[in-house]
Every structure is written in structure tokens, then in C-alpha cells.
2 protein chains.
Amino acid sequence: MARKSGSHAQITGPKVLKAAERLFARHGFAAVTMRQIAAEVGVQAGALYLYTPDKQSLLADLMITHLRELLAALPPADPDPLAALEGFVRFHILHHLSRRDAVFVAYMELRSLSPGNFAAVEALRHAYEDHLEAILQRGMAAGVFRPRDSRLATLALIAMLTGVTTWYREGGRLLPEAVAEQYIALARDTLGALPDRGTS
Amino acid sequence: MARKSGSHAQITGPKVLKAAERLFARHGFAAVTMRQIAAEVGVQAGALYLYTPDKQSLLADLMITHLRELLAALPPADPDPLAALEGFVRFHILHHLSRRDAVFVAYMELRSLSPGNFAAVEALRHAYEDHLEAILQRGMAAGVFRPRDSRLATLALIAMLTGVTTWYREGGRLLPEAVAEQYIALARDTLGALPDRGTS
DNA sequence: GTCTATACCTAGATAGAC
DNA sequence: GTCTATCTAGGTATAGAC
């Protein structure tokens, strides 16, 4: 049989990435085959190689693109540490709930990256963590947050927030914005934020 | 050539599980081959099937055994909510630092489980979460912890604590017991624990 | 109890027709 | 740009010698 229809380069390329993201998130990079991705896109396996040199590049592209977008979408930190924390937490939660597949892949498939790609991804993750740590350090210096090991607190907070992806289900009892509010209250207390004791 | 030496069933069995745990933690279940496991143990691939019916059972055995041990080792909850929280956090951190490979596999390879094995593992994880949630609920009822959505707070805390596995390196600046103390302080504050404001 | 040998299958990736 | 067909490598799991 000839090809199903004409040329679709402009449309097929993004579809390949989307399909790979979905499948990698659900089954893991190593467990997904190029044929599965192709089936999801609606082409034959060989055709995928028009859009990626190999499977590894597909993964690296997904992760690096996602992390770049994450960094670019990060809201500028408010001068007020409490407001900055709130802005960061809301952003993190809403982003993680709206881009679940990409987030999941970015966290779970670090070990599937080649060394070179791993280094690139780690640098981007590091930049993201540094953004939050700077907020924490300013808050601690200002006496708004309880003095702490800022690195450990940063990593603890990010782990706490990212955990939302493991339990949140669409259509559950909480809307994303409500989830964000809950995590904002938790984060504020975790840092021992000073004003508003008991009102959050 | 004949076999290298005599019979080693008693020793080879555990070695297979240990090797699988190590390799699954480092590379992921799907990425690890039976030949790799066999090489790590020092036997040929075929010999593994004396100790496991298949690769999937190897994974399920590792996860279920680990989670059973985790539950069995859980310290009984102190009647005092703050002491109970402290005991839980210390236990969780020290356990997660001392059994890193098993913990990592248990968290990362849920999606590699067959449906039946997944259900068994989920039940065990659920029991563990329930243990912490009960502590939180008692503390909230007693007015020691700030009123919260106890389920969300439970999952947030566990995510925060479990995150230690992503950054802790042996030989780093903090000993495990010091890490546990830091997380105890964070957990106490996350729950808005009432006494001792400012002294932790 | 472990080995060697191998059956059988599916993987990633490429070549050439259309 | 996509297909079909195919190469080569390596996967899980089994059979039978020792």
C-alpha cells in the first residue's frame, strides 16, 4: 500500500514528540519502543527517523525543551520574600499539574540520559533550584523565614511540591488552584514564615 | 568447561536479589537485562531461572519484601504527637539513607509492575502512609498540629522526606543523624507544631 | 546447581521503492 | 514524507549435558 496521504512534516514532527512524551511518562523510556511511538503517531517506525536521529535524542529533546520552558515561564521573584515564595509555589504546582507528562519524564528518566545530555539537563535543574534558594536566602536574611540550611530547605520544598504529581487526579475533590493554596500554606509554615501565625 | 565450583543455592539466591536491586536502582527495570544480572552474580543467564520464574517476579519480590520490612520496622507511634512525628521522621530518613537502592526501586518502578503485583505494592504503600496520617490526625485533634487536610499534609510530608534520596551523598557534609534532625525540624514546622516556636 | 547452546522474538535503525 | 522490507544485535526464557 502506498502512503495514506500526502506530506505532513509540519504536523508529524510535534506529534512524534507528544507521543513520545506520553508513552515515556506512562511506561518509561526503556520500556517504550519506536514502533509504539510510531503507532501512536500513525506512521511506520522508519518514518520517525525523519524527525529524530535516534531514540536518545527524542528523550533529551523532550527534557531539555521542557526545562527551558519551565525556566522561561518562572515568574520574576517579588522583592517581598513571602510574596515571592507564594508566587513560586503557585507557579510550580500549576505548572506541574498542567504538564504532568513532561514533568514526570524530566524527573524519572535522568538515568536514561547519555552522559552529555545528563549534564545539560542537570544544569537546567540546578538553575531552577537556585531560583528558589535565592528567595529563601533573601527571606532568611530579612528575618521573614526561620534560619535554616537554605540548600536543604530548598530541596525539601521542591520535593514536597513535586510530590503533587504522585497523587493528584483530574476530577478529584480539589481544583488545581485550591491545591496550590494548600501547598502555599504548607511551604510558608515549613519555612517558619513569621507573620500571620494561625491565619493561613 | 564444567561449572566453576560446587553448589551455592543458599548463597546465590540472595546474591541474585541484591544484584537485581542494585542494577534496577541504577538503570531502571526495563533497561536491565537478565544477562547483566547474571554477570553481576557470576553465573550464566540461564541459571537465574533457578531462583525466579521470570524478571517481573524478581522486581515484585524486591518491592514487596522491602515494603514489608519497612512496615515491620516502623517504630510504634508515641502517644505524644510531637514525639510520634519525630520518631517517624527519624525512622523514615535513616531507613531511606541506609536502604537507598531498595527505596529507589520501590518508588520508581511502580509502573513496571504487572497489575496484580502493582495492587499488592500499593496496598503496602498505603498502609505506610496511613501510619503517618494517623499521627497527624491525633496531633490535629489534640491541637498540637495546625488543622490541615490530613491526607494532603501526609503526602506532602512523605514526598519531602523521601526527597532526601535524590541529593544525599555518602561522605557529604552531613551525617545521616544530622540530616534526620534537619528534617524533623522542617516537618514540625510544616505542621505548625505548637510548642517551641523559634527553638528548633 | 550450573553450564552451554539455542529457540524465538523484538529491538533500533537503515535502504530503496513510491 | 512515508512505506515496506530488512539488517544486526540483543532480549527473555528453555533444554539438555554434566
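We name chains A, B, ... by the order of the sequence lines, and we start the count at 1 in each one.
Across the protein-nucleic acid pair, A:Leu50 atom CG and C:dT14 atom P stand 12 Å apart, rounded to whole Å. Between the C1' atom of D:dT14 and the NZ atom of B:Lys55 lies a distance of 17 Å, rounded to the nearest Å. Between the CG atom of A:Asp54 and the P atom of C:dA11 there is a distance of 17 Å, given to the nearest Å. When rounded to the nearest whole Å, the span between CD of B:Gln56 and P of D:dG11 equals 18 Å. As a whole-Å value, the separation of A:Lys15 NZ from D:dG1 P is 15 Å. The CZ-P distance, from A:Phe29 to C:dA11, rounds to 14 Å in whole Å. Residue A:Ile37 contributes atom CD1, which lies 12 Å from atom C1' of C:dA11 at whole-angstrom precision.
Comparing D:dC3, C:dA11, C:dA13 against the side chain of A:Thr33 picks out C:dA11 as the nearest. The side chain of B:Tyr49 has D:dA13 as its nearest neighbour among D:dA13, C:dG12, D:dT2. Minimum atom distance to the side chain of A:Tyr51 is reached by D:dT2, of the listed D:dT2, D:dA13, C:dA11. For B:Met34, whose side chain is taken as the heavy atoms from C-beta onward, the closest listed nucleotide among D:dA13, C:dA13, D:dT4 is D:dA13.
Between B:Glu21 and the options B:Arg99, B:Arg26, B:Arg100, a side chain to side chain contact (heavy atoms under 4.5 Å, CB included) holds for only B:Arg99. Tested against A:Leu157 for a side chain to side chain contact (heavy atoms under 4.5 Å, CB included), the candidates A:Leu132, A:Thr162, A:Leu186 yield a single pass: A:Leu132. B:Tyr128 pairs with exactly one of B:His66, B:His92, B:His95 by the ring-ring contact (aromatic ring centres under 6.0 Å, His included) rule, that one being B:His92.
Counting non-hydrogen atoms under 4.0 angstrom, B:Val32 reaches the backbone sugars and phosphates but no base.
Side-chain contact between B:Asp189 and A:Arg148: present, with at least one pair of heavy atoms (C-beta onward) separated by less than 4.5 Å.
Contact between the side-chain N/O atoms of B:Thr12 and the OP1/OP2 oxygens of C:dG1 is not found at any separation under 4.0 Å. Listed pair A:Gln44 / D:dT2 fails the phosphate criterion, with no side-chain N or O lying under 4.0 Å from OP1 or OP2. The phosphate of D:dG11 has OP1 or OP2 within less than 4.0 Å of a side-chain N or O from B:Arg35.
A salt bridge does not link B:Glu181 to B:Arg188: none of the charged nitrogens lies less than 4.0 Å from a carboxylate oxygen.
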